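We name chains A, B, ... by the order of the sequence lines, and we start the count at 1 in each one. Source: prediction; values computed, not measured.
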Protein chains: 2
Amino acid sequence: MKQKNPTGTVLYTIEQTIKEYRKISQKNIGKIVSDITVDQCLLLIILDKNSNYSQKEIAELIFKDNASITRIIELMVKKNYLTRKINELDRRKFNLEITEKGKKTIELLSPIINKNRQNALDGLSQDEMEFLDKILTKIILNCKK
Amino acid sequence: MKQKNPTGTVLYTIEQTIKEYRKISQKNIGKIVSDITVDQCLLLIILDKNSNYSQKEIAELIFKDNASITRIIELMVKKNYLTRKINELDRRKFNLEITEKGKKTIELLSPIINKNRQNALDGLSQDEMEFLDKILTKIILNCKK
DNA sequence: CGAATATAATTGATATATCAATTATAAAAA
DNA sequence: TTTTTATAATTGATATATCAATTATATTCG
């Protein structure tokens, strides 16, 4: 089944892929928890693994800039997913903590997220995924130099 | 050179790839024309190939929703890249036309865009790109079903 | 130490994304 | 032809993206 591609480059397909994946992911997440986005959920999961991340580090991990992170976290605090306290060791930073609601949300949504990933990658062999990753990493390096 | 990947899936790498590509593309475009974005430029190029596209069709081609396209086009008309007139055959639609400024911009930026693409895909063989496209298309279909 | 520099985060302005509701028009059905 | 349904685009509300400027704090260097 041929896809339209007005640019004729695989870069278009890459973009299309990630958009489709995000769309279905958000849809599935929304069925379980209505007031959270894919990225907010990823942020929770990342913080859950290491609660010492600064906002700046989180921004890098989920490919957002600091300004966006500031506002996303602000909303998540307002929605009671996170708490934020000044880091007394470095008062420029904040300590972020996941609330009970946040923890429950992770429990609820982790299986959904895994299912989303599995579904998206369904039918791909380990080799194919590794190859994919390798080529993409090459492109990333090309873009960085 | 290993990349960090907090999710452990190639989907993360896909997202990273497109973000890096867009970043460098925007940077290179901005050196030549300061008031245009990657997507606006793609929109011009698409319209240049077929001036009969409706806003809805354009939206699908560049993965945006109608509301975004309405506003993007509004800005592009304001910046004098496009003109917009009601389509008398179907008064729900508009005829979009590229202005002289728009045409000049395409001429200026087409080589840049090609260079961006070439640079990003530098060192990839034809086979690798085809394989990449094939795998990604598989993922897209997985997400759509 | 104190000045200069660097870093983390915020803020403001503007553009874009997303969803739902609305408007205008066209096409289909009764 | 009138009513119903479908389609194209807009609008409003809110979230996010991006860039530049700013604030507060830390670090470095003379």
Side-chain angles (χ1 to χ4, degrees), chain A residues 15-16 18-31 33-43 52-79 81-82 84-96, chain B residues 15-16 18-31 33-43 52-79 81-82 84-96:
Chain A
E15 177 134 17
Q16 186 179 6
I18 206 63
K19 293 245 172 161
E20 293 291 348
Y21 174 63
R22 292 183 73 93
K23 200 194 292 174
I24 184 72
S25 296
Q26 185 63 59
K27 195 173 153 195
N28 290 332
I29 284 176
K31 282 182 205 159
V33 179
S34 64
D35 69 343
I36 202 166
T37 66
V38 178
D39 289 323
Q40 288 174 6
C41 194
L42 184 54
L43 192 158
N52 295 317
Y53 284 131
S54 66
Q55 296 187 188
K56 189 174 158 52
E57 287 168 319
I58 292 172
E60 277 162 23
L61 283 170
I62 60 177
F63 314 126
K64 307 205 177 290
D65 76 346
N66 295 349
S68 294
I69 287 293
T70 292
R71 283 152 185 153
I72 289 171
I73 286 177
E74 209 173 301
L75 282 175
M76 291 181 77
V77 168
K78 198 179 292 173
K79 289 190 291 193
Y81 285 110
L82 294 177
R84 203 176 62 149
K85 297 188 194 117
I86 284 190
N87 180 336
E88 292 297 344
L89 296 178
D90 182 342
R91 298 177 52 82
R92 293 170 303 184
K93 298 186 183 178
F94 289 95
N95 295 324
L96 299 172
Chain B
E15 177 136 18
Q16 186 178 7
I18 206 64
K19 293 246 175 163
E20 293 291 348
Y21 173 65
R22 292 182 72 91
K23 199 193 296 176
I24 184 73
S25 297
Q26 185 63 60
K27 197 174 153 194
N28 290 332
I29 284 176
K31 283 181 204 160
V33 180
S34 65
D35 69 344
I36 202 166
T37 67
V38 178
D39 288 322
Q40 289 174 6
C41 194
L42 184 53
L43 193 158
N52 296 318
Y53 283 132
S54 67
Q55 295 187 190
K56 190 173 157 54
E57 288 169 318
I58 293 172
E60 276 161 24
L61 283 171
I62 60 178
F63 315 126
K64 309 208 177 286
D65 76 346
N66 295 348
S68 294
I69 287 292
T70 292
R71 282 151 184 153
I72 290 172
I73 286 176
E74 207 174 303
L75 282 174
M76 290 182 77
V77 168
K78 198 179 293 173
K79 288 190 291 191
Y81 285 111
L82 294 178
R84 203 176 63 149
K85 297 188 195 115
I86 284 192
N87 180 335
E88 292 297 345
L89 295 178
D90 182 342
R91 297 177 54 80
R92 292 170 303 182
K93 298 187 183 178
F94 290 95
N95 295 324
L96 299 172

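Residue contacts for A/Ser54: at a heavy-atom cut-off of 4.0 Å it reaches the sugar-phosphate backbone alone, with no base atom in range. Within 4.0 Å (heavy atoms only), B/Arg91 reaches sugar-phosphate atoms of the nucleic acid but no base atom. Across all strands shown, A/Gln40 has heavy atoms under 4.0 Å from sugar-phosphate atoms exclusively, and none from any base. A/Ile69 comes within 4.0 angstrom of nothing in the nucleic acid, heavy atoms only. B/Asp65 comes within 4.0 angstrom of a base, heavy atoms only.
Looking at B/Ser68 and B/Asp65, their side chains come closer than 4.5 Å, going by heavy atoms from C-beta outward. Residues A/Arg22 and A/Asp39 form a side-chain contact, since some pair of their non-hydrogen atoms from C-beta on lies under 4.5 Å apart.
Closest-nucleotide positions on DNA chain D for A/Ala67 and A/Asn87 were compared, and the one nearer the 5' end corresponds to A/Ala67. Take the nearest nucleotide of DNA chain C for A/Asn66 and for B/Phe63: the residue whose nucleotide is more 5' is A/Asn66.
Between B/Leu43 and the choices B/Thr37, B/Ile73, B/Leu96, B/Ile36, the side-chain contact (heavy atoms from CB on, under 4.5 Å) rule is met once, by B/Ile73.
Under the 3.5 Å distance criterion, the side-chain polar atoms of A/Glu60 are left unmatched by any main-chain donor or acceptor of A/Glu57.
Rounded to an integer number of Å, the gap from B/Ile36 CD1 to C/dA15 C1' is 14 Å. The distance from atom CE of B/Met76 to atom P of C/dA15 is 13 Å, rounded to the nearest whole Å. What separates CZ of A/Arg92 from P of D/dA26 is a distance of 7 Å, to the nearest Å. Taking atom NZ of A/Lys56 as the reference point, atom C1' of C/dA9 lies 10 Å away to the nearest angstrom. What separates CD of B/Gln55 from P of C/dT25 is a distance of 15 Å, to the nearest Å. One interatomic measurement links the two molecules: CG of B/Leu75 to P of D/dT11, which rounds to 13 Å at whole-angstrom precision. Spacing between atom CG of A/Asp39 and atom C1' of D/dA17 amounts to 11 Å, rounded to whole angstrom units. As a whole-Å value, the separation of B/Lys64 NZ from D/dT10 C1' is 18 Å.
Applying the 3.5 Å distance criterion, the base of D/dT16 shares no donor-acceptor pair with the side chain of A/Arg71.
When each of D/dT16, C/dA17, C/dT7 is scored by its nearest atom to the side-chain atoms of B/Ser68, the top-ranked nucleotide is C/dA17.
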Apply side chain to side chain contact (heavy atoms under 4.5 Å, CB included) to residues A/Lys56 and A/Asn66 and explain how you reach the verdict. CA-CA 6 Å; A/Lys56 189 174 158 52; A/Asn66 295 349; 4.1 Å; yes
